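Everything below concerns the one structure shown next.
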Amino acid sequence: MGDERLEVAFFDVETTVPTRPGQGFSILEFGAILVCPRKLVEQEVYSTLVRPTDLSLISTLSVRRNGINREEIISSPTFDEIADKVYDILHGRIWAGHNILKFDCHRIREAFAGINRPAPEPKGIIDTLALLTQRFGRRAGDMKMASLATYFGLGRQTHRSLDDVRMNLEVLKYCSTVLFLESSLPDIFIENSWVSPNATTRSRSNGRASLEKLDFSADTPSASIKIESLVKSTAEIIPFNMDELEESLLSDVIEDESGSYSPESSTTATESFIGYIDFLEPNEISIPSISVSLAPFFRGSQKIKVLHDNGELQVCCRQMKVRFDISKKYVDKAGLPRLSFVVDASSDLCKILDVVDDYAQKLSVDSGSSSEWRPVVTRKPGFKNYPTVRLNLPTVIDGNTFCWTTEIYQKESSTTQKPVIFSKFDVEELESLIKAGSIVDAYFSMDSYDVQQNAGIRLVASKLIVHQFPDLTCSRTET
């Protein structure tokens with residue numbers, strides 16, 4: 001059957017948005033278009049809303065994301081009821097979509113696992129985010145679907161499955177046409193700045209090499225360029241074993257355009273908050289084992305992934321002294337506070353972070369970013385022997401209020417610690433716990449950012465253990 005299924009399945013899923021650690025995703029909508037790879041003719045179209053088993057998962061944040069509310073979905077089929085159709089569309093075909101390697105492929109596998117059925121397997125995968133970032137460069141900025149649509153004047157992204165699939169196809173056609181034109185007369189197009197000033201910053205020789213690898217020429221039929229050469233190119237670099245793909249992808253907390261965090265990542269990101277055996281103390285980290293790589297990122301661009309022995313580098317630092325209180329100076333577009341505080345950094349930690357900074361900055365420049373790099377370790381003039389780092393507390397919306405996803409504990413003795421349960425999610429209450437002079441044990445991961453021409457590595461706290469002092473008071477209850 002696999003050899004006969006020649007159509008490319010462009011698909012997209014819309015899901016609920018988790019609002020707390022450990023909460024998974026639930027598919028709310030599935031849309032797919034089967035396309036002839038030779039002529040780009042639509043051969044079959046399928047789209048449906050999907051009713052989750054737990055309607056309470058459709059939170060305010062979820063509705064804000066895609067506009068799908070409980071009333072709209074109450075009479076829709078469950079995933080179990082559409083599973084046969086989804087399987088028939090996807091199994092044995094080439095899968096295509098924007099950022100599907102990081103997000104949509106995971107959601108499909110999770111949905112089938114949730115009904116105890118084997119998931120469909122692809123014959124090949126075209127992730128247009130990774131592909132277009134590599135081939136088209138960053139001339140559309142962060143290369144999110146919305147940014148690409150704006151770049152080509154295709155209108156606003158609706159975040160509805162079938163609309164997004166059609167927009168993906170149009171974007172792919174436009175990008176392929178531009179690449180074809182540039183490859184036909186590269187000296188004229190590139191040297192005379194037909195390419196946007198914000199286009200790829202790769203060297204011209206590298207850009208031309210990429211075009212040559214796609215076998216573009218003035219004599220090549222345009223229809224065959226658009227899909228067939230892209231499939232061929234992608235197949236050389238993307239493995240099709242989904243188990244291997246799942247192990248290779250990032251599990252991270254997501255940052256939107258404004259720099260705020262939202263929990264739209266794989267559930268492994270939030271589940272990792274519960275166990276901390278993979279967090280290494282600075283003296284356990286081998287500098288030669290540190291590396292960085294680019295990985296596909298949700299809703300658009302690539303992100304820098306920091307590795308240690310090929311696994312995500314996660315750090316545990318004990319007895320860190322808080323230098324500056326909780327900062328609530330900045331908010332994101334949704335009004336959520338971007339909470340953080342500053343701690344003193346040991347020399348061992350600084351050595352690790354300086355290496356990460358050097359590697360990540362070089363990769364950022366090599367991948368085409370022109371943003372100003374901000375070092376993760378701060379060394380103030382006159383205080384270079386007292387370096388500091390900033391720990392960030394990711395926040396999400398829970399109903400009509402916000403909350404932070406960092407687990408916070410209070411250490412009462414050398415052997416006991418208790419989780420801190422706040423009477424409400426209030427910054428002032430958090431400030432009374434974490435303040436200048438406090439001592440904390442911090443478990444954190446490293447998250448890259450590239451926002452508004454500023455780039456760098458951000459330390460994201462997964463867990464904090466605050467050491468209790470006699471004068472420490474705050475309005476909270478403990479369990």
Side-chain angles (χ1 to χ4, degrees), residues 1-13 27 29-48 79 82-135 145 161-162 164-173 175-176 213-216 220-221 223-249 266 295-296:
M1 178 185 68
D3 293 336
E4 299 174 356
R5 313 200 93 193
L6 301 179
E7 306 92 346
V8 178
F10 281 82
F11 75 99
D12 178 78
V13 298
I27 292 179
E29 189 174 40
F30 175 85
I33 299 177
L34 297 184
V35 175
C36 169
R38 295 183 180 275
K39 299 181 179 180
L40 297 187
V41 175
E42 295 183 9
Q43 298 186 326
E44 183 178 346
V45 176
Y46 177 73
S47 177
T48 181
F79 186 80
I82 67 164
D84 286 340
K85 181 65 175 179
V86 173
Y87 189 93
D88 180 64
I89 288 174
L90 296 180
H91 187 65
R93 287 192 169 98
I94 295 171
W95 296 3
H98 208 68
N99 201 40
I100 59 173
L101 280 173
K102 177 65 191 294
F103 191 77
D104 304 74
C105 293
H106 283 286
R107 305 292 83 82
I108 292 295
R109 289 175 62 83
E110 290 168 357
F112 275 90
I115 58 174
N116 296 315
R117 291 185 52 175
E121 295 294 340
K123 181 164 60 176
I125 296 178
I126 305 171
D127 190 318
T128 56
L129 168 60
L131 179 62
L132 294 182
T133 299
Q134 178 186 8
R135 303 300 186 195
M145 183 58 62
S161 292
L162 200 55
D164 285 2
V165 171
R166 292 193 188 282
M167 181 170 280
N168 195 359
L169 276 165
E170 289 302 305
V171 163
L172 191 59
K173 293 175 187 177
C175 289
S176 298
K213 187 175 180 180
L214 282 176
D215 295 324
F216 286 154
T220 306
S224 64
I225 290 174
K226 292 173 181 169
I227 291 293
E228 288 182 292
S229 59
L230 295 181
V231 172
K232 179 180 179 181
S233 175
T234 308
E236 296 173 357
I237 59 174
I238 297 180
F240 302 136
N241 182 300
M242 291 303 293
D243 293 328
E244 294 177 2
L245 282 175
E246 190 164 346
E247 292 175 0
S248 68
L249 296 176
S266 172

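Remember, it's a predicted structure, so these values are computed and weren't measured experimentally. Counting begins at 1 with the first residue of the sequence.
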Mind running side-chain contact (heavy atoms from CB on, under 4.5 Å) on F11 and V86 for me, showing each step along the way?
CA-CA 10 Å; F11 75 99; V86 173; over 6 Å; no
Apply side-chain contact (heavy atoms from CB on, under 4.5 Å) to residues V41 and V35 and explain how you reach the verdict.
CA-CA 6 Å; V41 175; V35 175; over 6 Å; no
Pair E121-R109, salt bridge (charged side-chain N to carboxylate O under 4.0 Å, His left out): steps then yes or no
CA-CA 9 Å; E121 295 294 340; R109 289 175 62 83; 3.4 Å; yes
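With sequence neighbours excluded, the residues forming a side chain to side chain donor-acceptor pair (under 3.5 Å) with D84 are R117, listed by chain and number. By the ring pair (Phe, Tyr, Trp, His ring centres under 6.0 Å) test, Y46 is found to be paired with no residue, residues two or more places apart in sequence or in another chain being considered. Shown here are the side-chain contact (heavy atoms from CB on, under 4.5 Å) partners of S161, two or more places apart in sequence or in another chain: D12, E14, E29. The ring pair (Phe, Tyr, Trp, His ring centres under 6.0 Å) test applied to F30 returns no partner, not counting sequence neighbours. Under the side chain to side chain donor-acceptor pair (under 3.5 Å) criterion, E44 pairs with K85, not counting sequence neighbours.
Taking NE2 of H98 as the start and NZ of K102 as the end, the distance is 13.5 Å to the nearest 0.5 Å. In this structure, the separation between CG on L90 and CG on L34 is 8.5 Å, given to the nearest 0.5 Å. Interatomic distance, CG of N168 versus CG of L172, reported as 6.5 Å (0.5 Å rounding). A distance of 9.0 Å separates CZ in F10 from CD1 in I100, rounded to the nearest 0.5 Å. In this structure, CG on L101 lies 11.0 Å from CG on L131, to the nearest 0.5 angstrom.
The two residues V171 and L132 make their nearest non-hydrogen contact at CG1-CD1, 4.0 Å. Between P120 and H91, the shortest heavy-atom distance links the atoms CA-ND1, 3.6 Å. The minimum heavy-atom distance linking F112 with A83 is given by the pair CZ-O, 3.6 Å. Across V13 and F103, no two heavy atoms sit closer than the pair CG2-CE2, 4.3 Å.
Checked by atom type and distance alone, the side chain of K123 never pairs as donor or acceptor with a backbone atom of L6 at under 3.5 Å. No donor-acceptor pair closer than 3.5 Å links the side chain of R107 to the backbone N or O of I27. In this structure, N99 contributes its side chain and L129 its backbone to no donor-acceptor pair below 3.5 Å. A donor-acceptor pair under 3.5 Å links the side-chain atoms of R93 to the main chain of I89, judged by distance alone. Remark: the backbone N or O of I126 is not paired with any side-chain donor or acceptor of W95 at under 3.5 angstrom.
A salt bridge links R166 with E42; the closest basic N to acidic carboxylate O contact falls under 4.0 Å.
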